[in-house]
Amino acid sequence: MSAEIIDGKTIAGRVRIGVAKDVEAFSQQFGGAVPGLATILVGDDPASAVYVKGKQKACQEVGMWGFNFPLAADASRAEVVELIERLNADPDVSGVLLQLPLPDQLDAVELTGMIDPRKDVDGLTAVSAGLLALGREGLRPCTPSGVMTLLEAAGASLEGAEAVVIGRSNLFGKPMAQLLLNANATVTICHSRTRELAEVCRRADVLIAAVGRAQMVKGDWVKPGAVVIDVGMNRANSTPPTLVGDVDFEAVRQVAAAITPVPGGVGPMTIAFLLRNTLQAARMQRSGA
Ligand code: NAP
């Protein structure tokens, strides 16, 4: 068997087209106003700078505005707090995103938690996490939301299915598990202390890997016919440098029914859902929610 390749690039493109149409309708409804995303980049980490630039460009492509607020690498807690509070209070700013990771002197969880939950387009505040846990409407973390759309596009049936998520980060693993649970899957979360990891993975109808270890998930970890989603982004030491997932793609594609590639799988979905969240935040603010 050779698995269907789940084409995240094409699916994300469709999401973006939908957002662009909705931004147009939003603008017509609200006298020419458009949603806007403010990113905060502390320091000069080259990878973070590339991500932030990509987010702004994506905003412009769907008719929103995206603007970066840079702070020096040695910015104090007070400086970051002051900027977050200013953006929270600005009615033209629909979404606020604090680019992670932060320099060591700053506490990412504390500072992310200061973003107004109605502008929390990364879905990382305690309010957003709580709404997700309660199954209530709210802003969801972008990558897990994107994975749900990929699963739908792959025709994965989640109702009653065994879903295994490897990784329990606040950014991905925990919200992913929650979304799967809300979709009535039977969910197992694995992490670095999990015993017999391969055996647990072999039970999965839907297997999602978000670990950060290149090609950790082997062909014999996968149940024949499973849907496999590879969230990992690992830089391989090749020339030129390439991106490798957490799944041994060539081996697993022989066993799985469907699989995401790296790159071109989950990655493009994250920005598409950031755009969708920014639009959703703008709508919530206009409706006074
Ligand atoms: P993270 O915060 O470092 O979490 C990694 C998780 O993997 C932890 O829960 C850790 O367990 C678990 N883990 C580590 N080694 C393990 C092992 N040997 N066996 C089983 N579990 C193990 O990372 P993250 O932010 O969730 O990201 C994970 C990966 O996804 C990274 O490669 C990241 O670049 C990628 N990612 C991609 C996107 C995208 O847009 N495509 C978005 C987010 C993340 P403990 O909790 O026990 O330490």
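Note that the coordinates shown come from a computational prediction; the quantities given were computed from them, not determined experimentally. One is the number of the first residue; the rest follow in order along the sequence. Just so you know, ligand 1 is whichever comes first in the structure, and atom 1 is the first atom listed for that ligand.
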Practice item. Please determine if Lys223 and Glu162 form a salt bridge, counting it only when a charged side-chain N lies under 4.0 Å from a carboxylate O. Key: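 So Lys223 does not pair with Glu162 through a salt bridge.
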Exercise for review: Considering only Ile, Leu, Val, Met, Phe, Trp and Tyr, and joining two whenever side-chain heavy atoms are under 4.5 Å apart, list the other residues clustered with Leu37.
Suggested key: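 So far as hydrophobic clustering goes, Leu37 is joined with Leu97, Val121, Leu274.
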Practice item. Return each pair, listed once, that meets side-chain hydrogen bond (donor to acceptor under 3.5 Å, both in side chains) where at least one residue sits in residues 261-279; pairs must be two or more places apart or across chains. Key: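 Non-adjacent pairs meeting side-chain hydrogen bond (donor to acceptor under 3.5 Å, both in side chains): Thr143-Thr270.
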Exercise for review: Would you mind reporting whether Val93 and Trp65 have side-chain heavy atoms less than 4.5 Å apart?
Suggested key: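 Contact flag for Trp65/Val93 side chains = yes.
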Review point. Is a donor on one side and an acceptor on the other found under 3.5 Å between the side chain of Asp230 and the backbone of Asp246?
Key: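 Pair found, side chain donor or acceptor close to backbone of Asp246.
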Provide, line by line, the atom pairs where ligand 1 and the protein bring an N/O atom each to a distance under 3.5 Å; else say none.
unit_1, atom_1, unit_2, atom_2, d
ligand 1, 9 (O), Arg168, N, 2.8
ligand 1, 11 (O), Ser192, N, 3.2
ligand 1, 15 (N), Arg213, NE, 3.4
ligand 1, 21 (N), His191, O, 3.4
ligand 1, 21 (N), Ser192, N, 3.4
ligand 1, 26 (O), Ser169, OG, 2.5
ligand 1, 32 (O), Met233, N, 3.0
ligand 1, 40 (O), Thr270, OG1, 2.7
ligand 1, 46 (O), Arg168, NE, 2.7
ligand 1, 47 (O), Arg168, NE, 3.3
ligand 1, 47 (O), Arg168, NH2, 2.8
ligand 1, 47 (O), Ser192, N, 3.2
ligand 1, 47 (O), Ser192, OG, 2.5

Review point. Does anything in residues 67-122 pair up under ring-ring contact (aromatic ring centres under 6.0 Å, His included), and if so which pairs, sequence neighbours excluded?
Key: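 Pairs touching residues 67-122 that pass the test: Phe67-Phe69.
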